[in-house]
Amino acid sequence: MVMDLAFSVTGTSLLSGGRESVLVEWRDATEKNKEFLPRLGATIEHISVSPAGDLFCTSHSDNKIIVIHRNLEASAVIQGLVKDSSILTGLMIDPRTKALVLNGKPGHLQFYSLQSDKQLYNLDIVQQEYINDYGLIQIELTKAAFGCYGNWLATVEQRQEKETELELQMKLWTYNKKTQGFILNTKVNMPHEDHITALCFCNAEKSENPTLVTASKDGHFKVWILTDDSDIYKKAVGWTCDFVGSYHKYQATNCCFSEDGSLLAVSFEEIVTIWDSETWELKCTFCQRAGNIRHLCFGRLTCSKYLLGATENGILCCWNLLSCALEWSTKLNITVLEPDPNSENIAAVSQSSVGSDLFVFKPSEPRPLYIKKNICREEVKWGVFVPRDVPESFTSEAHQWLNRSQFYFLTKSQSLLTFSTKSPEEKLTPTSKQLLAEESLPTTPFYFILGKHRQQQDEKSNEALENELVQLPLTENIPAISELLHTPAHVLPSASFLCSMFINSLLLSKETNSAEEIPDDVDMEEEKESDNSDEENDFTEKVQNTDNTDLGEDFIHQLSKCEEKELRKFRKVDYSWITAL
């Protein structure tokens, strides 16, 4: 499918692009004479040509702009947060780089720096060439999780053409300090018999052996541990399954570890089960019969004794692990439930008919710390807390929850938003501050940046025009210029004919007076006086010249009175317009 077309400036070639991610240049209106720029990464949505014709520009469906030279060579890539067809992995934070990690290009994880607002790199998970064919069932990257302070990364990819033909693969990647990237360590084919619904690492500080848990619709959750996989050739480590758990053949939907790693919570549809992470014994169960558990998370720090769960029927429950009883519950249609890793705060986003609402609370307190209605009109799909490098010291109750971490959330249209306590002026870069208007805030952000700068340039240009001796006629009233600028390029006459017509239209007529013209009678008197003085000067110069001839020097031609009069007229005319051609 072709998405956009654009002619070159001269009109001799046509550019086309579309779903196949290839820019095609059709030259001289012939099908055989065409050039290609393939593998641009995503569907081409728009094509633009620079006014000079030396650059092309394409915008793509993955939130990317490519600047291309006239010879069809890519010059620059402006890449924002990659927009994928669907975000299945959720939002994660890389413990090492503090980068935001989520689905990127098909089969990739993108690492995006929130501080510099640019993409760091893409990690190829699927490691297969992507075929952009509509209707073709692709391999999807569905789950990902970081563990052990960024030393390990677990990913799950799947492909299902029919209901009975599920292709499932789990990969575990280790971080290599030499290459400064992740290297594939273990590949597990069909780790479960059905779709994997959740996976999580045990990130407790006292954890000796890395542990990974996966939950699946097949009714089981599996515990994977790191073991020695050395042989006679080399030393190596690999992951293997250590325990398989289930509860009455219910589908396992969520799993998470407590902060100290001593407990594992696994939800089986409407029931929450608590397991001992050392012996893998079932400790207790919670059941409210309020619908399947959609989200599950433990409290942190002083609130580590609480477990929270959100159901599909719009109920948020909080259980006390010490008393094994329900602490409180409220009616909220929770779409995002995210704990802050550096505080006791938990952010919950509720979906209503008007929009999405944010609630920030501590499990131990009945009153929320912060409530924000209608943070956006569309549904919020994912959220994450990003720890700050340097904690803030906000005193306001509305901002205290942002002291240690900043909350980001992703909407259904894949817009990334966050909360900030800074004003728009404080968030501007130093170069942008130099262009700000001092009097008042302009009406639009674009004018806010460039308005006054252009206003100063216009004032300088106006002053320069006023100081010119000769005022050129307005170009908009000249028929030759109007015809040259408004006629399509492919129907214009030859350039040699247009050039002479264009130059003649810019020449001044005899009736045009200078800006500081003196009356004719005064001018004539001055000319007579200058003529008399010129005659005297001519006489003295001739005497000097005759003397010089005796010395053998060449005779220099003297200008006549009429020639000097013409030169004085040319001095008053401003020919600076020639430089603009």
**Report entry** Donor-acceptor pair between His46 and Ser48 side chains, under 3.5 angstrom
**Finding:** no

Query raised in the report: Taking Thr58 for the side chain and Ile44 for the main chain, is one N or O donor matched with an acceptor at less than 3.5 Å?
Result: no

Requested in this report: Look at Arg96 together with Asp94 and state whether they make a salt bridge at an N to O cut-off of under 4.0 Å.
Outcome: no

Query raised in the report: Does atom CZ of Phe419 have more than 12 heavy-atom neighbours, drawn from other residues, nucleotides or ligands, at distances under 6.0 Å?
Result: yes

Requested in this report: Could you tell me whether a side-chain N or O of Lys171 sits under 3.5 Å from a main-chain N or O of Leu184, the two making a donor and an acceptor?
Outcome: no

Query raised in the report: Do Ile334 and Arg294 come close enough that some side-chain heavy atom pair is under 4.5 Å?
Result: no

Query raised in the report: Would you say the side-chain atoms of Gln110 and Tyr121 include a donor-acceptor pair closer than 3.5 Å?
Result: no

Query raised in the report: Judged by atom type as modelled, is there a donor-acceptor pair below 3.5 Å linking the side chain of Lys98 to the main-chain atoms of Ile93?
Result: no

Query raised in the report: Are Phe409 and Ser356 close enough that some pair of their side-chain heavy atoms sits under 4.5 Å apart?
Result: no

Report summary line: To the nearest 0.5 Å, atom CG of Leu109 lies from atom CG of Asn103 at 6.5 Å

**Report entry** By salt bridge (Lys or Arg N to Asp or Glu O under 4.0 Å) - contacts of Glu161 (at least two apart)
**Finding:** Arg159

Report task. Side-chain contact test, heavy atoms from C-beta onward, threshold under 4.5 Å: evaluate it for Cys57 versus Ile65 and give yes or no. Result -> yes

Query raised in the report: Side chains of Val156 and Leu168: closer than 4.5 Å at any heavy-atom pair?
Result: yes

Query raised in the report: Does the side chain of Leu141 come within less than 4.5 Å of His108's, by heavy atoms?
Result: no

Requested in this report: Among His195, Glu167, Glu140, find the residue that satisfies the side chain to side chain donor-acceptor pair (under 3.5 Å) test when tested with Gln160.
Outcome: His195

Query raised in the report: So, does Tyr175 use its side chain to make a donor-acceptor pair with the main chain of Trp152 at under 3.5 Å?
Result: no

Query raised in the report: Is any side-chain heavy atom of Leu212 less than 4.5 Å from a side-chain heavy atom of Met170?
Result: yes

Report task. Report yes if the side chains of Leu81 and Leu102 come closer than 4.5 Å at any heavy-atom pair, otherwise no. Result -> yes

Requested in this report: Please indicate whether Arg404 has more than 12 foreign heavy atoms, meaning atoms of other residues, nucleotides or ligands, lying under 6.0 Å from its CZ.
Outcome: no

Requested in this report: Give a yes or no on whether Lys381 atom NZ has more than 12 heavy-atom contacts from other residues, nucleotides or ligands under 6.0 Å away.
Outcome: no

Query raised in the report: Does a side chain donor of either Asp340 or Ser405 reach within less than 3.5 Å of an acceptor in the other side chain?
Result: yes

Query raised in the report: Backbone N or O of Met3 within a donor-acceptor pair of the Arg19 side chain at under 3.5 Å?
Result: no

Query raised in the report: Any luck finding a side-chain donor-acceptor pair between Thr411 and Glu378 under 3.5 Å?
Result: yes

**Report entry** Non-neighbouring partners of Lys373 that pass salt bridge (Lys or Arg N to Asp or Glu O under 4.0 Å), sequence neighbours left out
**Finding:** Asp357

Requested in this report: Answer with yes or no whether the side chains of Glu392 and Asn403 bring together a donor and an acceptor at under 3.5 Å.
Outcome: no

Query raised in the report: For residues 32-44, which residue pairs qualify under side chain to side chain donor-acceptor pair (under 3.5 Å), counting only residues two or more places apart or in two chains?
Result: Asp28-Asn33

